Amino acid sequence: MGYPVVSPLITAKDGSELTIRNSAFSSISPPAASNQADSSDLCGWETSLVEITNTTADFHVTEFTSVSHGALSVSDSVLNMTGCIFNLNSPSNVEWPSLRRNVKCSNGTVLINGIGGGDGHSTSHHWIVADGCTVTKDGEILAAPLFVPTLVANESTSKLDKKLKQYLVNVVGTMMIPCGLKLEVFEHNPSKSNTEAPSLNFTISALNPSKWTEKELSFVLPQESVSSLSSKAELRCRLVFADSQTTDSFSLTGSSKGNMAQAGVIVSIVVPVVVVVIVALLLFIIIAVVCRRRKTKKEAKQASHELDTAYEAEIQVKNELFEPEVTIKPIFGASKDHSKQSSLLMVSDDDEHDPTSQKVGATCFVPIPYVSAIGCEGENGEVSVDSRNTLYRRLHVEKQKDLSKRTIGLQIVKGLERMARERPSCEIFSRLSPHWIIMNLTDNIFLRIESQLPQPSKEGQTKASESRNNEDRRWNAPEQETKEGENENTKEAGSFDEMKATVFRLGLVLWEMETEQVPFGELDAVNASRQIKAGVMPLIHNWEDEALAELVRECLSYSPDERPTLADVESRLSLLNSKTIIPVPLQQNEAVVVSGVTA
């Protein structure tokens, strides 16, 4: 039967029994859509189409359709329903389209014997508001007769804002309607059931959600509000409805998601398997590293011997091509004009001839691995040194273990200070690396004055020189990398403080000597320099000498103004050399991102 929006249509009370069979009730003038969000209005209503008070009522095969203001109200009564249908009895709320007003029961009993269709027919939602009322369906008491929300754990998220000390929570699910819905935060312990874990409950409406729909819920949870729970345990969130029923949970403080019951089982199975796999991988890596080191050491020794033999044979052949008095002499940078410096052999028929002269009789030039350098100790001028004997070769090719690292570091600093006084425009201040540091057989340190010049007629040598220049980028300070893919060495002079950049490069060299590793050795030079530009620095952890570790940290400061001067570094290294070092266990150095710096 159709009826206008006037309630109640039928009233039964005070012992007068009511029986309705094979009937249908439908509104002929449904109300306009509303966006009213008051939970008291959503979860309850004032009057219904049929009101039953202090009596018994039976409904058989009866249908209520589009009764927007409420179908049945039961108070202190018993309601028997057999094969009844409740369909689209909605308050027409645009924010909560799934809300229904079927049955409201207070201090009574609702007995359901089969549902003919509509709400509750194929789902667990019956939309029965039970306030002190027992609802039974087919002999089974319903735990959540109103609605059953769900929570999608793998789509719900939580992010901690450390500055504001609050969690930004976003819950994704279904049927999240504000009718007694609560949030529970509990400690996750796989060895215990969820009900045994310490927990806190929050009324969601009291959290002032910034967004609340049936499918999405966003709110802010202050960090101090969960401070009573253990800070060492993982905290998880879930929804609580019908007083004690709960949904799946997701992590508030960690990254784990999904059903809690399944998590404990998965952990107990996966952890032993992972441990076995990790141990096997570690054993394989150790064996592979040992074998590789033996092979590399043997190959390096053989290659060095072959290079020395070939070099001596080449010199001998060149001498045999000329008259007996003709000799081969290395030319260093004796000329004050640095553009005329070269790492070449001059073959001359006059032993006493000045190698800086521009006119030499019977002369030819052949490449040799000599470069001009300046000693870090003493007052000697430029000297000629074998460019192959670099600190890089000692550390990473020959893998020499008995180097006096702190003494070498102190010599390097003294050499740089001497360079700053005598040759302030030298290339080394923007390109310092282990390739520019030369060692003789007695471990005296020399600093190259400038890069080795390529031979115009030797295309391969030119490419080799360019490759070395590019490799020096691995030790660039952050300010030497202007932007992605651009080398600061090409910038105009004065665009950055070269001495501050030199201190940064020196810090990387000290780190390299202490750890015997190449900075970002797993990357090429270009990508290594990009890492430094992005603020990623080698980790300094558990060094033998904490004072040296602190000095290197300061040298590797991202901001040039926070780095020490060369004089400060020399003073502190001199002090370190005079102290006795107590060894502590070392741990693997890893990369770390400097706080507050983005790529």
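As a basis for the values below, the full set of heavy atoms in this structure was taken, side chains included, without hydrogen atoms, waters or symmetry mates. Computed from a prediction, not measured in an experiment: that's the story for all the values here.
The side-chain hydrogen bond (donor to acceptor under 3.5 Å, both in side chains) search around Lys211 returns Glu216, not counting sequence neighbours. Take Ser574 and apply the side-chain contact (heavy atoms from CB on, under 4.5 Å) test, not counting sequence neighbours, and it matches Leu410, Glu570. Shown here are the salt bridge (charged side-chain N to carboxylate O under 4.0 Å, His left out) partners of Lys298, two or more places apart in sequence or in another chain: there are none. In this structure, the salt bridge (charged side-chain N to carboxylate O under 4.0 Å, His left out) partners of Lys405, at least two apart in sequence or on a different chain, are Glu516. The side-chain hydrogen bond (donor to acceptor under 3.5 Å, both in side chains) test applied to Glu522 returns no partner, not counting sequence neighbours. Applying the side-chain contact (heavy atoms from CB on, under 4.5 Å) rule to Arg572 yields the partners Glu550, Leu551, Glu554; only residues at least two apart in sequence or on another chain are considered. With sequence neighbours excluded, the residues satisfying side-chain hydrogen bond (donor to acceptor under 3.5 Å, both in side chains) with Thr565 are Asp568. Arg394 is linked by a salt bridge (charged side-chain N to carboxylate O under 4.0 Å, His left out) to Glu398, Asp443, counting only residues two or more places apart in sequence or in another chain. The side-chain contact (heavy atoms from CB on, under 4.5 Å) search around Arg292 returns Lys295, Thr296, not counting sequence neighbours. Remark: Ser404 engages Thr407 in a side-chain contact (heavy atoms from CB on, under 4.5 Å) (not counting sequence neighbours). The salt bridge (charged side-chain N to carboxylate O under 4.0 Å, His left out) test applied to Glu562 returns no partner, not counting sequence neighbours. In this view, Asn527 and Asp524, Arg530 satisfy the side-chain hydrogen bond (donor to acceptor under 3.5 Å, both in side chains) rule, not counting sequence neighbours.
Remark: side-chain polar atoms of Arg505 are paired, donor with acceptor, to backbone N or O of Leu432 under 3.5 angstrom. In this structure a side-chain-to-backbone donor-acceptor pair under 3.5 Å is present from Thr502 to Glu498. Distance alone, capped at 3.5 Å, is enough to place a donor-acceptor pair between the Gln411 side chain and the Ile445 backbone. Under the 3.5 Å distance criterion, the side-chain polar atoms of Arg563 are matched with a main-chain donor or acceptor of Ser557. A donor-acceptor pair is defined here as one N or O able to donate and one able to accept, closer than 3.5 Å; no such pair exists between the side chain of Ser156 and the backbone of Val171. Looking only at distances, no side-chain donor or acceptor of Ser433 sits under 3.5 Å from a matching main-chain atom of Asp472.
Side-chain contact of His396 with Glu512: a donor-acceptor pair under 3.5 Å is present, judged by distance alone. Neither side chain, Asp161 nor Gln166, offers a donor N or O lying under 3.5 Å from an acceptor on the other.
Within a 6.0 Å sphere centred on CZ of Arg293, other residues, nucleotides and ligands contribute 12 heavy atoms or fewer. By the neighbour-count criterion of 12 heavy atoms within 6.0 Å, atom NZ of Lys401 is densely surrounded, having more than that number from other residues, nucleotides or ligands.
Distance OG/Ser425 to CE/Met419: 10.5 Å, rounded to 0.5 Å.
In this structure, Arg448 forms a cation-pi arrangement with Trp436, its terminal cationic atom sitting closer than 6.0 Å to the ring centre and no more than 45° off the ring axis.
Using a cut-off of 4.0 Å between Lys/Arg side-chain N and Asp/Glu carboxylate O, Arg388 and Asp386 are scored as salt-bridged.
In summary, of the residues considered (Asn208, Leu168, Asn170, Leu183), a side-chain contact (heavy atoms from CB on, under 4.5 Å) with Phe219 occurs for Leu183 alone.
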